[in-house]
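Contents: one structure, followed by commentary.
In what follows, every chain begins at residue 1, and chains take the letters A, B, ... in the order their sequences are listed. FYI, side chains are in, hydrogens and waters are out, and symmetry mates aren't considered; it's all heavy atoms of this structure.
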Amino acid sequence: MRLLSSRPVLFALQLLVAVAIIGIWHIGSTWKVPAGLISQKSFFLLDPFFFSTPVAVFERTWKDFATGVIWYHLGITLLETALAFAIGAAGGVVIGFWFARRRIVAAVFDPYVKMANALPRVVLAPIFALWLGLGIWSKVALGVSLVFFIVFFNVYQGVKEVSPTVLNNARMLGMSERQLLRHVYWPSALTWMFSSLHTSVGFALVGAVVGEYLGSAAGLGYRIHQAEGVFDVTGVFSGMLVLAVFVILIDAVVTVIENRLTVWRPTVPAGH
Amino acid sequence: MRLLSSRPVLFALQLLVAVAIIGIWHIGSTWKVPAGLISQKSFFLLDPFFFSTPVAVFERTWKDFATGVIWYHLGITLLETALAFAIGAAGGVVIGFWFARRRIVAAVFDPYVKMANALPRVVLAPIFALWLGLGIWSKVALGVSLVFFIVFFNVYQGVKEVSPTVLNNARMLGMSERQLLRHVYWPSALTWMFSSLHTSVGFALVGAVVGEYLGSAAGLGYRIHQAEGVFDVTGVFSGMLVLAVFVILIDAVVTVIENRLTVWRPTVPAGH
Amino acid sequence: AAQGAPALAQKAEKPTLTLGVGGKPLLYYLPLTIAERNGYFKEEGLDVTINDFGGGAKSLQALIGGSIDAVTGAYEHTIRMQAKGQDIVSVIELGRYPGIVLVVQKDKAAKYKSVADLKGAKVGVTAPGSSTNFFVNFLLAKQGLKPDDVSYIGVGGGASAVAQMKRGEIDAMANLDPVITKVESDGDAVVLADTRTEEGNQKIFGGANPAAVLYLKRDFVAANPVTTQKLTNAFYKSLKWLEKASPEDVAKVVPEEYLLGDKTLYLAAVKASKPTYSITGVIPEIGMKNALNMLVEFDPELKSATIDLPKTFDGTFVKKASETIK
Amino acid sequence: MSGVGGLADATPVTGAPAAAELEGVRIAFPGSRPKDAPFVAVEGANLRVADGEFLAIVGPTGCGKSTLLNAAAGLLVPAAGNVRIFGAPLAGLNRQAGYLFQAEALFPWKTVLDNVSIGLEIAGVSAAEAKARSQDWLKRVGLGAFGERYPHMLSGGQRKRVGLAQVLIRDPKILLMDEPFGPLDAQTRQIMGNLLLDLWSLDRKAVMFVTHDLDEAIALADRVVIMSAGPASRIIGEWRVNLERPRDIAEVRLTPEFHALHREIWGALREEVVKGYRQTEGAA
Amino acid sequence: MSGVGGLADATPVTGAPAAAELEGVRIAFPGSRPKDAPFVAVEGANLRVADGEFLAIVGPTGCGKSTLLNAAAGLLVPAAGNVRIFGAPLAGLNRQAGYLFQAEALFPWKTVLDNVSIGLEIAGVSAAEAKARSQDWLKRVGLGAFGERYPHMLSGGQRKRVGLAQVLIRDPKILLMDEPFGPLDAQTRQIMGNLLLDLWSLDRKAVMFVTHDLDEAIALADRVVIMSAGPASRIIGEWRVNLERPRDIAEVRLTPEFHALHREIWGALREEVVKGYRQTEGAA
Ligand SMILES: Nc1ncnc2c1ncn2[C@@H]1O[C@H](COP(=O)(O)OP(=O)(O)OP(=O)(O)O)[C@@H](O)[C@H]1O
Ligand SMILES: Nc1ncnc2c1ncn2[C@@H]1O[C@H](COP(=O)(O)OP(=O)(O)OP(=O)(O)O)[C@@H](O)[C@H]1O
Ligand SMILES: [Mg+2]
Ligand SMILES: [Mg+2]
């Protein structure tokens, strides 16, 4: 157990998973199941028309980076993602706190927040474009509309989870509402918030990409859309690969901040 | 304060918000700002080409229900939503627990889960359609792919948040891993889980609708798409209105279950 | 490319433009890509940003919302918008035939030999309410069938459509290139009705039926005649170039990415689509009527509206372009 | 020295209002299931703490001692009766009081030093000064070396002492203390008790001190009250402790007056506990 | 009766292995900041509890009593030394032991009754029987009427008693009890103490009993050990209590043997506490 969780071993295991996935993908998309084995015709397990092949995808990705064409698009998408994440998370935190502390506000607006959360963003895209134009802001809005709700619900719950004794102690120590927020609610809701941030990093990116996909002139979503239009699955998968790698990087940053802000927690005893 | 939070007063306030929103919408979409006041030309604050008018939307919705055409589509969408919600939530809970209890599994798969969470689902629609056909399952898959991650991250965190003393007590009482899950982790993670369920109800519906929007033969998303294709904004908004109302109903069910399962919690002292 | 056009003498009122399109790599919009890649916009002194949208409807909405200046999109939008009181005008025709093809699943070809056999079939269209949907409605009506006699399934215009044809989930499908060329070349489908060719259009519509056009808000055209002229010129040049070009020439001009999926497929699709591109840039009267008939038949909203067809197309700009560009 | 049971021997009514006064207080909690009748923890409790008085409250477990302190702190609103603080009816929190809770109440996300200094910082003391004074207080409670730790790294008794420092450093006018020395060993208890007495003698706060240790109650307090066993418990006995001040806790126990008083209170208390035990044992 | 300091007077080595044996145990916690040196709470602790022996552990606050119990329970793994349970080295949890924690450890989401019965249900007892026996146990700890409540609706002392019932109902071979009677009044304490003694005398479990109350330690135990003040604390004294059994806790205190022993242990302990207080006061 202790051996298994050491850094290099862990990394090796992670690599193993990657190799396995890519291996399956490679075989499925390059080896034809001979005719008569399962069905009449010989066929691919993962038809390269829909799945491309890993070699082609890596080649394309490498080329995109080597020639540098992708940096511009990546930059735009990451900017949108970062903005969507920051604005959505900030909004979720602020409104979440506000709702949690003002019972009536929460009770009155509760159904409307839930309604808003259920609106399909894809349909709203034209309205975002109308209000915010075609620049990055309409994409940011789409990302915000995903991130906000995830963070909001978690912060709202996190604030309500504060230990009543600790809260009473804080009040008896004379804290004002603002000081309660800073010294009690905020640190107590932090774990909740970070849990939601891990989810919402991904959603911020999804929002940005889908926004680009629905209408734009640049960005990874735009590139994916272009590739889809000409059946260039390799291009589609290469775009998604780049997305996936970058979300890991952003998430790592979130984790570093999280560990910084939650040093005080007891380390949980290991499962086994 | 006590007066304000009584049931009928609350309801009246909620109604007030609805009336205000609809009022703004009505005025914005029917009253033209006269020329010269703000800009050269006279214009609508909320152009009915994009926003329709509330009267038209309610009329259409009423007609759809009166003639009964909408029930079939609504039924399909709700079925998809329910399935997406149930499967996604169950998957999130199970995998969340599994990851939280098996450190190594979590550590190894962590980056892959995060990558998967960042893939734009809209782009994956063709693959879902390829594997699952055009029936309800490809839409369910889309919903699941949204719900799963939200629930997963929260359950994962919820399990890790269990009080170490309570956990130690349970272990000293002789609980097996399964009993720990049932008697400790599960009840302790419930609040976390329900917080995520409130978010994911909306997302399940969004997934189903977007799935229908991208390709289907029935459902509210199909109707919305159809309306969009012929620039029938009234139809689009009417569809979203129906969605919004039904998500509130589903959420109410979740809340009832939540209150049932968490009777044991101390009622948090009121904010003010 | 031609030069010395008098329009060049004047400066465009709005040299920086945003142009919308719903799926730029689609062959339907090939003239746009040609104009862009061959530098015709620059030649005209225009700086055009092309914004790609998830679909034609979204680019139209962006035009009306004011975030873009011009759209390359379906001609029928100009008719619909007239019914909705939005003043939109097309200035040059880019595609003279819709290019929509109705195919049936290979294994079911024996069962569905003609449109009349489709009763009770599952028919894939790009989207409910789209022109592919109306096209099938129209074909059915000619056989005395109603839209309700088949069940429509939206399958999109990309890989999903191919997937459904392969899976055999749908019996028939109305779609555009390159989906059609793909399913044809893979041997998954058999053609029932084809509007990519002259004779096909003759058979189905009794003449042309405009597809893609360049349309703008009438206000914009009135306020920026020179800009509009220059835009029209660029597209006109593009049409002239396409008239003479071979599929290989096209492949050389379009962005490399367009070929990355499958070059032979691309070439085949270009070849199949070539007849659909407009030659004169002018929408013939019969074309307008055909388009309107198709819509009126199945859209209750349009049925009650009175459409002034000549208002949908302003031919003066193409005329001027054809005079100056040889 | 004169221990007298019953409320007859109340403090003479002087001109100054009592620091805290509970009058006919009734406190009820909702039943465990919605349909259950409410549980009346305290009924008709009368209690008065004069300014500068050290009052000890003893009583059988679960009788309602913490509940009374909560009422005095303004954390629980009585269903009937009045709570007055320095003569004014209490509305909302009692801002004059410092409360050492029976349960864990430290901020788990703050270091021990920050836990202690937060009260000062809230009151507007500069961060540097607050830290310095907190460090001093930590030393006084025997935890000078533990300032950097987080609460979960402390033993039960150490946590309690941090709580003590957290409350005392604010120097409130009324001190509410719920078993402050519970998890401490006898020796540390005495040290802390003397610390508290020193502090109290400086400016004579009003103190409400809940304890299970009758020795401690008598050694520290001016007056000891005992509560009846719950439910619906109230104050049933009161003794004035006329031992000389300043006292040393260890020494005062050796005096015969102490023993006499102890015996008397103990007798009354024992009866009550046995009664309470029987009541909660069977009743539905 | 013969109180002797030091470990020399260890229980004679019989054939039977000790119920729990700690040998040269060292327990270190990571420092508060990563760069800090680890904090050695216990160093070279030797402790042996024979089967059927009632051992009381006293020591200054923060010396490492809870830490030792955690080691015996298998919750903390010693950095050095051995822990043996009935002769076998302990790997993982000590499944033979029941542990009453010093901190709150009830399941907040279970009713009081379910909290008590869970141990039986886990052991495979039928739900109906488990409930019946739990109700019986609740009566024994004076909470018969409170079975339907959730823990947050109880007073501190009531919660502790639920914990007591939760552990005792399982009838474990080794009992680890960390200040079980801390928040109880003196009278209830005696009732609970007698309850524990009755139970213990039935089948003579091995008990490790941490308390701050020396009276209680002597009244209950066969042997009392005291620990030195931390850090790096260890067992520094040991006294055999040869008072007659069965004992009544209240009465045994009145015997002169009791008083002699008390004085002796108290003397040793006081010294240690004062030392400990000084150590933690200043050191960085
Ligand atoms: N939230 C609650 N809901 C219902 N009953 C409660 C609640 N809090 C306390 N009680 C009950 O009120 C009574 C008094 O509780 P309180 O905590 O004041 O006792 P206490 O005197 O402090 O006891 P201890 O010495 O054990 O701390 C107890 O019987 C307890 O069960
Ligand atoms: N997680 C931890 N990290 C660092 N130090 C710790 C940790 N847990 C306990 N300690 C330290 O170890 C020492 C012994 O702690 P322990 O809880 O065993 O004391 P104790 O004897 O039970 O005290 P008390 O009587 O106050 O409960 C204390 O000085 C404490 O600060
Ligand atoms: Mg209490
Ligand atoms: Mg301890």
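Contact of A/Trp131 with chain B is made through the side chain alone, with heavy-atom distances under 4.5 Å. Neither the backbone nor the side chain of A/Leu241 has a heavy atom closer than 4.5 Å to any heavy atom of chain B. Residue contact with chain A, scored on non-hydrogen atoms closer than 4.5 Å, involves the backbone and the side chain of B/Leu146 alike. For A/Ala18, the parts lying under 4.5 angstrom from a heavy atom of chain B are both the backbone and the side chain. For chain B, the nearby part of A/Ile224 is the side chain; its heavy atoms alone come within less than 4.5 Å. For A/Leu46, the part sitting under 4.5 Å from any heavy atom of chain B is the side chain, from C-beta outward, and nothing else. With a threshold of 4.5 angstrom between heavy atoms, A/Ile248 approaches chain B through side-chain atoms but not through N, CA, C or O. Looking at A/Phe51, only its side chain comes within 4.5 Å of chain B, counting heavy atoms on both sides. For A/Asp251, the part lying near chain B is the side chain, with the backbone staying farther off; criterion is any non-hydrogen pair under 4.5 Å.
Proximity of a side-chain donor or acceptor of B/Gln14 to a complementary backbone N or O of A/Ala107 within less than 3.5 Å is detected. Between the side chain of A/Ser238 and the backbone N or O of A/Thr234 there is no donor-acceptor pair closer than 3.5 Å. Looking only at distances, a side-chain donor or acceptor of B/Ser145 sits under 3.5 Å from a matching main-chain atom of B/Leu142. Without hydrogens or angle criteria, B/Ser200 side chain to B/Phe203 main chain gives no donor-acceptor distance under 3.5 Å. A donor-acceptor pair is defined here as one N or O able to donate and one able to accept, closer than 3.5 Å; no such pair exists between the side chain of B/Glu161 and the backbone of B/Ala189.
When each of B/Leu16, B/Val245, B/Asn117, B/Val209 is scored by its heavy-atom pairs under 4.5 Å with chain A, the top score falls to B/Asn117. Interface check for chain B: of the options A/Phe246, A/Tyr156, A/Phe153, A/Trp192, the most heavy-atom pairs under 4.5 Å are formed by A/Trp192. Among the candidates A/Lys114, A/Met240, A/Gln157, the residue making the largest number of heavy-atom pairs closer than 4.5 Å to chain B is A/Lys114. The residue among B/Leu119, B/Leu205, B/Asn154, B/Val210 with the most heavy atom pairs within less than 4.5 Å of chain A is B/Asn154. When each of B/Val206, B/Val201, B/Asp110 is scored by its heavy-atom pairs under 4.5 Å with chain A, the top score falls to B/Val206.
No side-chain heavy atom of A/Leu243 sits under 4.5 Å from any side-chain heavy atom of A/Val247.
Aromatic pair A/Phe152/A/Phe99: ring centres closer than 6.0 Å.
Residues passing the side-chain contact (heavy atoms from CB on, under 4.5 Å) test with A/Val17 are A/Ile21, B/Val108, B/Phe109, B/Tyr112, sequence neighbours excluded.
By the 30° and 60° cut-offs, the orientation of the rings of B/Phe237 relative to B/Trp25 is tilted.
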